[in-house]
Number of protein chains: 2
Amino acid sequence: MKKVTIHDIAKELNITFSSVARALNDHPSISAATKEAVREVAKRLNYQQNKVASALRSGRSNVIGVMVPNLGATFFNSIILGIETVMNENGYTILLYQSSESSNHETKGIDTFLQSRVDGIISSIAMGTKDLQHYYEIKKNDIPLLLFDRAVDELGVPTVRIDDYRGGFLAAEHLIKNGCKRIVHISADQNVKSFKERFKGYKDALKQYNRPLEKELIFYGKPSIELGRDCIKQLHEKKIDFDGLFAFEDYTALGVMQQLKEYNIKVPDEIRVIGFANEAFGAYISPSLSTIDQQSVKMGEEAAKLFLKLNKDHHYYDNPPEQIVLEPILIERESSHI
Amino acid sequence: MKKVTIHDIAKELNITFSSVARALNDHPSISAATKEAVREVAKRLNYQQNKVASALRSGRSNVIGVMVPNLGATFFNSIILGIETVMNENGYTILLYQSSESSNHETKGIDTFLQSRVDGIISSIAMGTKDLQHYYEIKKNDIPLLLFDRAVDELGVPTVRIDDYRGGFLAAEHLIKNGCKRIVHISADQNVKSFKERFKGYKDALKQYNRPLEKELIFYGKPSIELGRDCIKQLHEKKIDFDGLFAFEDYTALGVMQQLKEYNIKVPDEIRVIGFANEAFGAYISPSLSTIDQQSVKMGEEAAKLFLKLNKDHHYYDNPPEQIVLEPILIERESSHI
DNA sequence: ATGAAAGCGCTAACAG
DNA sequence: CTGTTAGCGCTTTCAT
């Protein structure tokens, strides 16, 4: 079945194909009668606009490239949900790419986006990315770029993230207010900005409430259940005394709770625990896990909205890059309650 | 910055743009020397192929439309992960669309896919979809269509799903083997095929082990924690005796466990519970939840692979539609163990 | 092995 | 209000 084009419609009506095109695009200088007739024939012939041709000619594709480090993470899936919802309402479609935290894949994805002539790119930078060359390439091509979560100021593009510092502060403050005197913090690789910020929030909360920062209460590792268990084992072996624990992400906090249970140490009675990220499981384990919500769906929505706002008049890069910072939300559950 | 095209490269080398095109596409009848030279200049000028033009002319876009009912569900996110991984390795990019379980949205999405001249569509049908018109439209356009999970035979297209019947059977059989005499089943809307099949598996397991099917042990409702709690409340009020429970999905099973805990009924000692879907939280609650794994990532991978295989020689619809049925996997955890 | 030429289906500037 | 015309950047057939 040969695809029907505007030429077929034109022939049917004895008008030119450009009139048809205008009618279909609801151009003001086309009579209502013609529009009506064109639409009728278009429907009858089952016409489908060829967006590829349209994109080639007009230079606009109505496609947005969305790049995430990891499609396996709830956080990024929620972001995609937010972006897709808003973008779709505004007539854009999502071209999806996963960098798998690799700079190479990321570069390939961005190449694909540029080659596909996307109208913009919304991305969260892969952990493996040191050289930002491929991101500069986007700007050089004058393609709107927006970064979320794993953002970096150096690029000078709009960003949406949450206030990790504030999240860390809230978590630590919450434990302090719940009577904790010696609060352990488990963190990770300090060149991931969010983790560093959470740590900083913790430190400043201690300072503000006149608590000392104690080296023996700080741990580092890779986000995992195992990390949490290990830390508790170490604390136990070294007989280090503590009554609160703030883990930089929920799975680590989960490991902590599991290991404490094995040692028969009661949460929250003896140790109060809080995580970060508000993973789905936290509400269902017992005791349920207090945590900091990152508003991931909202982050996606805000990213899309900011993008659309800045792109409205096609002066995306004209002003200093706007930065949206979302408030983290303290979720108080059983694990931290006195 | 004006985009560089094959014409620019041609000018630079004093050859025609068609030679450049051929060189870049590694056409056999181009000398190695020319190819080399072209590639060098292309790199130097930072040439980026315009896929839009290529797609328009060739009729192939290397884009696959992926439609899911709900981007908020872990299940579909895992499927997307599987599809993206395999498709990406094979040079395809994913155009993503969410139907939100609405037939209208779904139709709009499929229109977009067709207008974007995708090379194929991989979809899971929205719950709200009764009329399959828009899916027939895809076939009429001779665009390869593959359905996963929410598949329907009527369309006569390749499908990938898990054996829900077998899953239901495995779940019920597992409870029987763990000594359960009276097994409750919670299901839902029986016009969702998967749910009906799970129920059928349950019934046949009972039959095979010479257990009667008892109406008072069967419940229906909308997948939710509340549903699980409600059922337990009803069973409790009516003082119905039971020692096993198979919920058609994990959140319902979670509600069951929560309510049993409130009644101080011990799982698994007094009641053994199993869910379906292997949601992330199941491993972390206590007692941990036994369930049936749906192999969602694998389902996505298999969908992509089958699509690619059938599309290899561009005779996608030439043979009777291939059906892949994945085996559900019984995950034995604490909630069902004697 | 390379060149010439046509055209995919549309948008948009210009002309009337 | 409608028609004419010229491409967008590429693939591909037919010549040479």
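This structure is a prediction, so every number in the text was calculated from the model and none was measured.
Using a 4.0 Å cut-off, some side-chain N or O of B:Asn25 falls inside it from OP1 or OP2 of D:dT11. Remark: B:Thr16 is in phosphate contact with C:dG3, judged by side-chain N or O atoms under 4.0 Å from OP1 or OP2. Close to C:dT11, at under 4.0 Å from its OP1 or OP2, lies a side-chain N or O of A:Gln49.
One can place CG of B:Leu114 at 15 Å from P of C:dG9, the figure rounded to the nearest angstrom. When rounded to the nearest whole Å, the span between CG of B:Asp26 and P of C:dT2 equals 13 Å. Atom CD of A:Glu36 and atom P of D:dT2 are 14 Å apart (whole Å). As rounded to whole Å, 13 Å separates atom C1' of C:dA5 from atom CD1 of B:Ile6. Taking atom OH of A:Tyr47 as the reference point, atom P of C:dG9 lies 10 Å away to the nearest angstrom. The distance between atom CG of A:Leu24 and atom P of C:dG9, rounded to the nearest whole Å, is 15 Å. In this entry the distance linking NZ of B:Lys51 with C1' of D:dT11 reads 15 Å, nearest Å. In this structure, the CG atom of A:Asn62 is 15 Å from the P atom of C:dC10, given to the nearest Å.
Classified by interplanar angle (parallel below 30°, tilted 30° to 60°, perpendicular above 60°), the ring pair A:Tyr316/A:Phe307 is tilted.
B:Arg117 comes within 4.0 angstrom of nothing in the nucleic acid, heavy atoms only. In this structure, A:Ser31 reaches the sugar-phosphate backbone alone: every heavy-atom distance under 4.0 Å involves primed, P, OP1 or OP2 atoms, never a base.
If you check C:dC10, D:dT12, D:dC1 against the side chain of B:Ser18, the one that comes closest is D:dT12. Nearest to the side-chain atoms of B:Arg57 among the listed nucleotides D:dT12, D:dA6, D:dG3 stands D:dT12. Taking the side chain of A:Ser54 as heavy atoms from C-beta on, and the options C:dG9, C:dT2, C:dT11, the nearest nucleotide is C:dT11. Listed candidates were C:dT2, D:dG9, D:dT11. Nearest to the side chain of B:Ser58 is D:dT11. Across D:dG3, D:dT2, D:dC10, the shortest atom-to-atom separation from the side chain of A:Thr34 is found for D:dT2. Residue A:Arg22 places its side chain closer to D:dG3 than to any other of C:dC10, C:dA4, D:dG3. For B:Ile15, the listed nucleotide lying nearest its side chain is C:dG3; candidates were C:dG3, C:dC8, D:dG3.
Paired with B:Tyr135 under the rule side chain to side chain contact (heavy atoms under 4.5 Å, CB included), one option of B:Ile121, B:Leu155, B:Thr107, B:Val157 passes, and it is B:Leu155. Under the side chain to side chain contact (heavy atoms under 4.5 Å, CB included) test applied with B:Ile110, the options B:Gln133, B:His134, B:Gln115 reduce to a single match, B:His134.
Atom CG of B:Leu81 and atom CG of A:Asn77 lie 8.5 Å apart (nearest 0.5 Å).
Contact annotation: the side chain of A:Thr93 never approaches that of A:Asn62 to less than 4.5 Å [non-hydrogen atoms, C-beta and beyond].
The residue among A:His27 and A:Phe17 whose nearest nucleotide of DNA chain D is located toward the 5' end is A:His27.
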>> Apply side-chain contact (heavy atoms from CB on, under 4.5 Å) to residues A:Asp313 and A:Asp318 and explain how you reach the verdict.
In response: CA-CA 10 Å; A:Asp313 41 9; A:Asp318 282 7; over 6 Å; no
